[in-house]
Amino acid sequence: MNKFIGVIYFISIFSFLNAEDVDDYYAKQKLRLSSSDVSEIRDAIDRLTFISGSRGVRDIITTLEGNPNFPSSPVNSAAVKFYAAKALAKKGEVIAIQPLIKVYKKESLSFVERTEVKQTLGGVPKTNTSLSSPYFFGENEHTMVLACGEILRALGSIPTNEESLTEIKNALQSPNFYIRSSAADALFFIGNKDNIQPLTDQLGKENDPYAKISILSSILGLEKMANQNFRSVTESLKDANPEIRKKASEALGRFDLSIAAPYLEKAIRVENHPFVLKQMKEDYQKITSFHVP
């Protein structure tokens, strides 16, 4: 099912269900969370996400935490944690903060830095056990690095408290490039300009090109100034690595001012990577669309 159509379907069905039907629907999805099929668990998480209000949040949290009594169970997979974190971000309930932090701390303990930078869009490693890479090969074969990155973004999407903000800022110092990048995303999602300083501090000592453009993206999105950071991002549209070009486009989308449009327009004319081109066109459309004052 098309993702957008699926979302509309999930939302629209509740317009025609009475309270008893919703109860039955909820119970059915809750039961499906115990499936041995990751795809079924994912679908149940998606459906619980669109039940109005807080209902389903505690069930998604339980799924995020997994089952320690059965380590090999699909519910403990990185893919399930990834989808649960995305769902909790959409729900936006503060009761999810502590469980998210707990799972992040447990799963990220062994992460290490990648030893080489590879161009990975369209050609990813065939493993989901890496402690350094977020990239995965097949459907539902997410790495734990990717899942923990999504947990950090979820923490940035939920109204923050002192503990979650501290955890996100600490993640900027992670030994892993993708976790640092995800922490930068989380600080952007919070939307507080006070967080520009820790991002700037990390930018000055960041060596990984992906993490660096991610940090720049968050700074640019928060400060919205056509300064040296803006120029650095526009230069990154020419980078040889398609991942960097894609992140640079996202940064200009976050910047969201018309001054960025000519740079994207020029980049679109020469871009040959389908994923990057799609991102650039989306960001260009966002920048050039009508904005209500």
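Since the structure is predicted, the reported quantities are computational estimates derived from the model, not experimental observations.
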Notebook entry, point to check: Which residues pass the ring-ring contact (aromatic ring centres under 6.0 Å, His included) test with Y83, sequence neighbours left out?
Noted result: H142
Note to self: Between R245 and M280, is there a side-chain heavy-atom distance shorter than 4.5 Å?
What the structure shows: yes
Next item on the list: For the pair K238 (side chain) and A267 (backbone), establish whether a donor and an acceptor sit closer than 3.5 Å, ignoring hydrogens and angles.
Entry: no
Notebook entry, point to check: Should the pair E250-K246 be classified as a salt bridge under the 4.0 Å nitrogen-to-oxygen rule?
Noted result: yes
Next item on the list: Please confirm whether the backbone N or O of S232 pairs with a side-chain atom of S236, one donor and one acceptor, at under 3.5 Å?
Entry: yes
Next item on the list: Compare all side-chain heavy atoms of V112 with those of P175 and state whether any distance is below 4.5 angstrom.
Entry: no
Notebook entry, point to check: Between S77 and V80, is there a donor-acceptor pair closer than 3.5 Å when you use the side chain of the first and the backbone of the second?
Noted result: yes
Next item on the list: Ignoring hydrogens and angles, tell me if any N or O in the side chain of D59 forms a donor-acceptor pair with the backbone of K30 under 3.5 Å.
Entry: no
Notebook entry, point to check: Is there a donor in the side chain of D283 and an acceptor in the side chain of S249, or the other way round, less than 3.5 Å apart?
Noted result: yes
Next item on the list: Give a yes or no on whether the backbone of G253 and the side-chain of K286 come within a donor-acceptor separation of less than 3.5 Å.
Entry: yes
Check: Can you name the residues that form a side-chain contact (heavy atoms from CB on, under 4.5 Å) with K102, not counting sequence neighbours?
Finding: none
Margin query: The criterion is side-chain contact (heavy atoms from CB on, under 4.5 Å); which residues satisfy it with K281, sequence neighbours excluded?
Written below: I268, L277
Notebook entry, point to check: Can we say R254 and D185 salt-bridge, meaning some charged N sits less than 4.0 Å from an Asp/Glu carboxylate O?
Noted result: yes
Notebook entry, point to check: Looking only at heavy atoms, what is the nearest atom pair of P134 and L146, with distance?
Noted result: O-CB, 3.5 Å
Notebook entry, point to check: Taking only residues two or more places apart in sequence or in another chain, which ones pass ring-ring contact (aromatic ring centres under 6.0 Å, His included) with F111?
Noted result: none
Margin query: Treating S217 as the side-chain partner and I213 as the backbone partner, does any N or O pair qualify as donor plus acceptor under 3.5 Å?
Written below: no
Notebook entry, point to check: Got a sec, which residues hit ring-ring contact (aromatic ring centres under 6.0 Å, His included) with F188, two or more places apart in sequence or on another chain?
Noted result: none
Item checked: Results of salt bridge (Lys or Arg N to Asp or Glu O under 4.0 Å) for E163 - residues two or more places apart only -> none
Check: How would you list, by chain and number, every residue that makes a salt bridge (Lys or Arg N to Asp or Glu O under 4.0 Å) with E65, sequence neighbours excluded?
Finding: none
Item checked: Backbone of A184 reached by a side-chain donor or acceptor of S218 within 3.5 Å -> yes
Checklist line | Main-chain N/O of F255 paired to K224 side chain as donor or acceptor, under 3.5 Å | finding: yes
Note to self: Just to verify, what does A87 make a side-chain contact (heavy atoms from CB on, under 4.5 Å) with, not counting sequence neighbours?
What the structure shows: I45, T49, I60
Next item on the list: State which residue, out of N161, T166, T160, fulfils the side chain to side chain donor-acceptor pair (under 3.5 Å) condition with S164.
Entry: N161
Item checked: T143 (side chain) donor-acceptor with S133 (main chain) under 3.5 angstrom -> yes
Next item on the list: Determine whether the side chains of Y284 and Q279 contain a donor N or O and an acceptor N or O closer than 3.5 Å.
Entry: no
Next item on the list: Using a strict 4.0 Å threshold on nitrogen-to-oxygen distance, state whether E206 and K212 make a salt bridge.
Entry: no
Side-chain donor-acceptor contacts of residues 189-199 below 3.5 Å, not counting sequence neighbours, with atom names and distances?
residue	atom	partner	partner atom	Å
N192	OD1	D194	N	2.8
Q197	NE2	D201	OD1	2.8

Notebook entry, point to check: Is the closest side-chain donor-acceptor distance between S132 and N176 under 3.5 Å?
Noted result: no
Margin query: Donor-acceptor check, side chain of E271 to backbone of H273, threshold 3.5 angstrom: yes or no?
Written below: yes
Notebook entry, point to check: When rounded to the nearest 0.5 angstrom, what is the spacing between OG1 in T234 and OH in Y263?
Noted result: 5.5 Å
Note to self: Does either side chain, that of R114 or that of S130, offer a donor lying less than 3.5 Å from an acceptor on the other one?
What the structure shows: no
Next item on the list: Could I get the full list of salt bridge (Lys or Arg N to Asp or Glu O under 4.0 Å) partners for E223, not counting sequence neighbours?
Entry: none
Notebook entry, point to check: So, are R32 and D43 salt-bridged, with charged N and O less than 4.0 Å apart?
Noted result: yes
Note to self: If the condition is side-chain contact (heavy atoms from CB on, under 4.5 Å), which residues does A147 pass it with, not counting sequence neighbours?
What the structure shows: A78, K81, F82, M144
Next item on the list: Using a cut-off of 6.0 Å, state whether more than 12 heavy atoms not belonging to R231 lie near its atom CZ.
Entry: yes
Next item on the list: State which residues pass ring-ring contact (aromatic ring centres under 6.0 Å, His included) with F177; sequence neighbours excluded, sorted by chain then number.
Entry: Y210
Note to self: Taking atom CD as the centre, does Q228 end up with more than 12 heavy-atom neighbours from other residues, nucleotides or ligands that are less than 6.0 angstrom away?
What the structure shows: yes
